[in-house]
Amino acid sequence: MDLNLKDKVIIVTGGAKGIGEAITRGIAEEGGIPVIVGRSKDEGEKLTDELVDSGKEVLNLCYELSSTENCEAAVSSVMSTYGRIDGLINNAGVNDGVGLEKGNPVQFKRSVETNLFHYYDMAHYCIPELKKSKGNIVNISSKTAITGQGNTSGYAAAKGAQLALTREWAVELLNYNIRVNAIVPAEVMTPLYKKWLDTFDNPNEKQKEIEKNVPFGNRMTTAKEIADTALFLLSERSSHITGQHIVVDGGYVHLDRSLSVLGD
Ligand code: NAP
């Protein structure tokens, strides 16, 4: 299926690692031009070199996104280089474990700020160009917005707000033919996820326990499976889908998790 993403300029925040990296690779494979915007300098350069060596076009912009000025500068850089923006994947985020009891108000505010504000800032600065290209926005949220996780109030609040903003922006941008959707992953092995897993005494056992609870296939979702959904949402193949929260998780959030136990 041709997704018609050829030569489309698509910004992927946090596009050098994990889910973002898979989306960057997917856009490049479809002949589009991914623009990585994130702070992972070495990983961004390595990925860019690899893609360029294989004949793909990609732009790597190293920015810390928690600064509004940086978000504005990143969008300006894309415009100076390509003169157009066809899509925005808001993806960068960190599950930073600021709890209700074990966190404090300063950490909570900081966590919401670093996980949420750049989703708005990037979308805000991209809008004039997305209006011209009738492009679209995909927000990567998290199952924590729906199920909770415990000990991560700031991250969960930011992820919930991203789902609300997906609906809010889908409505506001209807008249410009800009679609806005969210993907809700649950358990995807990425550098971020591995870091979290390593906080447990026995990460391998913990991983097996989690996988057992994923109804479809008793396995984690791959970053590529999230990326494939993002590519579909970016493409005109999803031309009548807007304001949706697409849960890509092997049924983890919505199916009966005790099914895996029953199947034993
Ligand atoms: P990852 O492996 O850590 O990759 C995220 C990338 O974004 C990293 O390069 C990270 O840099 C960068 N980044 C984060 N915050 C940034 C900021 N403020 N400014 C610039 N760059 C920033 O994470 P991932 O697991 O792929 O997660 C991607 C998205 O999926 C996140 O929004 C996350 O909430 C969501 N998600 C993931 C899972 C999962 O199971 N993995 C589940 C649900 C939702 P650093 O490495 O320096 O932080």
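Atoms within a ligand are numbered from 1 in the order they appear, just like the ligands themselves. This one's a predicted model, so the numbers in the text were calculated from it and none came from an experiment.
- Inter-residue side-chain proximity for Lys206 and Ile210 is flagged as met; some heavy-atom pair is nearer than 4.5 Å.
- For atom 31 (C) of ligand 1, the closest non-hydrogen atom of the protein is Asn91 O, 3.0 Å.
- Using a 4.0 Å cut-off between a side-chain N of Lys or Arg and a carboxylate O of Asp or Glu, Lys212 and Glu209 do not qualify as a salt bridge.
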Side-chain donor-acceptor pairs under 3.5 Å in residues 92-99, sequence neighbours left out?
residue, atom, partner, partner atom, Å
Asn95, OD1, Thr152, OG1, 2.6
Asn95, ND2, Gln149, OE1, 3.2
Asp96, OD1, Ser111, OG, 3.0
Asp96, OD2, Ser111, OG, 2.8

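- Interface of Ser142 with ligand 1, defined as ligand atoms under 4.0 Å from a residue heavy atom, comprises 43 (C), 44 (C).
- Note that CH2 of Trp196 and OG1 of Thr190 are 11.0 Å apart. Values are rounded to the nearest 0.5 Å.
- A donor atom on one side chain and an acceptor atom on the other are not found under 3.5 Å apart for Glu64 and Asn70.
- Using a 4.5 Å cut-off on side-chain heavy atoms (C-beta onward), Thr242 and Ile178 make no contact.
- Taking atom 46 (O) of ligand 1 as the reference point, the nearest protein heavy-atom neighbour is Lys17 NZ, 2.6 Å.
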Side chains of residues 224-232: which donor-acceptor pairs under 3.5 Å do they make with residues two or more places apart or in other chains?
residue, atom, partner, partner atom, Å
Lys224, NZ, Asp228, OD1, 3.4
Lys224, NZ, Asp228, OD2, 3.1
Glu225, OE1, Arg219, NH1, 3.0
Glu225, OE1, Thr222, N, 2.9
Glu225, OE1, Thr222, OG1, 3.3
Glu225, OE2, Arg219, NH2, 2.7
Thr229, OG1, Glu225, O, 3.0

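- In this structure, of Ala186, Ala92, Ser141, the residue bringing a heavy atom nearest to atom 13 (N) of ligand 1 is Ala92.
- Near Ile140, meaning under 4.0 Å from one of its heavy atoms, ligand 1 places the atoms 29 (C), 30 (O), 32 (O), 35 (C).
- At the shortest separation from atom 8 (C) of ligand 1 among protein heavy atoms lies Ser40 OG, 3.6 Å.
- Per-residue contacts place Gly38 under 4.0 angstrom from the following atoms of ligand 1 (heavy atoms of the residue considered): 20 (C), 21 (N).
- Under a 4.0 Å criterion applied to the non-hydrogen atoms of Val188, ligand 1 contributes the atoms 39 (C), 40 (O), 41 (N).
- Arg25 has a carboxylate O that lies under 4.0 Å from a charged side-chain N of Glu50, or vice versa, which qualifies the two as a salt bridge.
- Side-chain contact of Tyr82 with Glu57: a donor-acceptor pair under 3.5 Å is present, judged by distance alone.
- Residue contact check: Glu187 has heavy atoms under 4.0 Å from atoms 40 (O) of ligand 1.
- Among protein heavy atoms, the minimum distance from atom 18 (N) of ligand 1 is reached at Glu64 OE2, 2.9 Å.
- When each of Asn136, Leu130, Ile137 is checked for a side-chain contact (heavy atoms from CB on, under 4.5 Å) with Leu173, only Ile137 meets the rule.
- Counting the atoms of ligand 1 from 1 in the order shown, those under 4.0 Å from a heavy atom of Tyr119 are 32 (O).
- Between Lys159 and Lys143 there is no side-chain heavy-atom pair separated by less than 4.5 Å.
- The part of Tyr63 lying near ligand 1 is the backbone, judged by heavy-atom distances below 4.0 Å.
- Shown in contact with Ile19 at under 4.0 Å from a heavy atom are these atoms of ligand 1, numbered in order with element: 26 (O), 30 (O), 37 (C).
- For atom 25 (O) of ligand 1, the closest heavy atom belonging to the protein is Thr190 OG1, 2.5 Å.
- One hydrophobic cluster, built from ILVMFWY side chains closer than 4.5 Å, holds both Ile127 and Leu165.
- Among protein heavy atoms, the minimum distance from atom 43 (C) of ligand 1 is reached at Pro185 O, 3.3 Å.
- At the top of the distance list for atom 19 (N) of ligand 1, counting protein heavy atoms only, stands Leu65 N, 2.9 Å.
- When Ile183, Leu192, Ile36 are checked for heavy-atom proximity to atom 2 (O) of ligand 1, Leu192 turns out nearest.
- Heavy-atom proximity to atom 14 (C) of ligand 1, evaluated over Gly93, Gly14, Ser66, Ala158, is greatest for Gly93.
- At least one heavy atom of Lys159 sits less than 4.0 Å from an atom of ligand 1.
- When hydrogens are left out, the protein atom nearest atom 21 (N) of ligand 1 is Arg39 N, 3.2 Å; that is the closest non-hydrogen contact.
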